Amino acid sequence: MLRKPFIAGNWKMNMTAESGAKLIEELKPLVKDANCDVALCVPAILIPAMVKAAAGSNIKIGAENVHWAASGAFTGEISAEMLKEYGVEYVIIGHSERRQYFGETDETVNKRLTAALAAGLKPIVCVGETLSERESGETEKVLYRQLAEGLKGVEDIKKIVIAYEPVWAIGTGKTATDEQAQETIAYIRKTLGELFCPKCAEKVIIQYGGSMNAGNCKGLMAQPDIDGGLIGGASLKLDFAKIVNFDK
Ligand code: PGA
């Protein structure tokens, strides 16, 4: 298999230690025979409890953000080493909500990415255009900038997962059509080929994210360049298992 599919959840600021552990316990038997990699990215404070809940299963735990410094005077922030210490494997970087509400830029994405890779975390770097950018025909320009700036200096592009999340599709119930998602993700892969090397780009896992659910996952996953999903709302319930088992 050139690229193993990868389905990841993004709990955002949802769940408690109790409800999260309960959901993981229920998901475990439902996803144990998955043919894809499976992860749940959870709020930082829930990480120890969710790592414990997922122990011994094929569900890996991820974080939703990471700071770029190793340590220091950064009140409220969490370093890559701290995440590693608690058994975190993946980390989401540059989610559109962080870009929109918390001042994330391509430059800070790049700094976080560098720190995550140095610590041995597997980054899921989010890119995507807003509705007005799509409507004004700027999708490719925006994605090119996010990739060129955000991934600057990366030595081994295969170590990074890209999540293409059109901002207008996140939490809105409006999914990109299979064709729109495929076309844009193919553009992302082509761009990675230009920025890095075409052969390496063929090996990069690129997820789709934005209102992906049990009903539309099959069609999206059938597209040649779509290797997985980053799932928000539908990762808060057992539907997540249906997405993980998209091929069954
Ligand atoms: P959604 O969120 O599935 O709820 O649209 C996706 C995401 O923001 O990663």
Side-chain angles (χ1 to χ4, degrees), residues 5-15 19-20 23 27 31 36-44 46-47 50 59-66 88-104 109 112-113 116 121-131 133-134 139 142-143 146-147 150 160-178 180-182 184-185 188 205-221 223 226-246:
F6 176 35
I7 303 289
N10 172 13
W11 281 1
K12 309 191 179 186
M13 199 171 75
N14 294 297
M15 305 302 262
S19 61
L23 178 61
L27 284 171
V31 304
C36 59
D37 287 326
V38 184
L40 285 170
C41 299
V42 307
L46 300 185
I47 286 169
M50 297 312 110
I59 303 174
K60 309 295 181 202
I61 299 300
E64 298 177 10
N65 190 23
V66 60
V88 166
E89 290 198 30
Y90 293 92
V91 60
I92 297 174
I93 296 176
H95 190 278
S96 66
E97 285 149 21
R98 297 220 56 94
R99 294 180 192 254
Q100 193 178 349
Y101 306 128
F102 302 101
E104 191 83 68
V109 165
R112 292 182 208 281
L113 176 61
L121 290 167
K122 297 175 189 157
I124 302 173
V125 177
C126 301
V127 296
E129 80 288 359
T130 62
L131 185 59
E133 287 163 344
R134 177 160 281 264
T139 299
V142 168
L143 291 171
Q146 290 175 342
L147 294 167
I160 294 171
V161 174
I162 304 285
Y164 167 58
E165 300 205 306
V167 179
W168 47 272
I170 296 179
T172 57
K174 253 195 201 176
T175 331
T177 62
D178 299 346
Q180 268 174 333
Q182 163 58 27
T184 314
I185 288 179
I188 291 173
I205 302 287
I206 309 182
Q207 300 173 318
Y208 168 79
S211 300
M212 191 159 163
N213 58 39
N216 60 25
C217 63
K218 269 194 190 359
L220 287 160
M221 291 300 292
Q223 302 302 313
I226 303 183
D227 308 316
L230 184 56
I231 322 295
S235 73
L236 302 171
K237 41 191 186 176
L238 291 177
D239 264 18
F240 184 66
K242 295 193 185 139
I243 305 175
V244 166
N245 294 312
F246 68 91

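All values reported here derive from a predicted model rather than from experimental measurement. Counting convention: from 1, in listed order, for ligands and their atoms alike. Along the sequence shown, the residues carry numbers beginning at 1.
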Looking at N65, V66, I124, which hits side chain to side chain contact (heavy atoms under 4.5 Å, CB included) with I93? V66

State which residue, out of I162, D227, I226, fulfils the side chain to side chain contact (heavy atoms under 4.5 Å, CB included) condition with I205. D227

Checking D37 now: which residues fulfil salt bridge (Lys or Arg N to Asp or Glu O under 4.0 Å) with it, not counting sequence neighbours? K4

Ignoring angles and geometry beyond distance, decide whether [X] reaches within less than 3.5 Å of ligand 1 through its nitrogen or oxygen atoms.
X	answer
G209	no
H95	yes
G210	no

Is there a side-chain contact between L220 and M212 in this structure, where contact means two heavy atoms from C-beta onward sitting under 4.5 Å apart? yes

Is there a side-chain contact between I7 and M221 (heavy atoms, below 4.5 Å)? yes

Give a yes/no on ligand 1: does A234 have at least one heavy atom closer than 4.0 angstrom to it? no

Compute the minimum heavy-atom distance from C126 to ligand 1 and say whether it is under 4.0 Å. no

Below 4.0 angstrom from a heavy atom of S211, which ligand 1 atoms are there? Numbered from 1 as shown, please. 1 (P), 3 (O), 5 (O)

Can you name the atoms of ligand 1, numbered from 1 with element, that are less than 4.0 Å from a heavy atom of E165? 6 (C), 7 (C), 8 (O), 9 (O)

Could you walk me through whether R98 and V109 pass side chain to side chain contact (heavy atoms under 4.5 Å, CB included), step by step? CA-CA 10 Å; R98 297 220 56 94; V109 165; over 6 Å; no

Lys/Arg cation over aromatic Y90: K122, 6.0 Å, 45° cone: yes

Which bit of A169 gets closer than 4.0 Å to ligand 1, counting heavy atoms only: side chain, backbone, both or neither? backbone

When you look for heavy atoms under 4.0 Å from ligand 1, do you find them on the side chain of N10, its backbone, both, or neither? side chain

Tell me, please, which residues at least two apart from Q180 pass side-chain contact (heavy atoms from CB on, under 4.5 Å). R134, W168, A176, T177

Distance from atom 4 (O) of ligand 1 to nearest protein heavy atom, with residue and atom: G233 N, 2.8 Å

Shortest heavy-atom approach to atom 5 (O) of ligand 1 - which of G232, G171, G128: G171

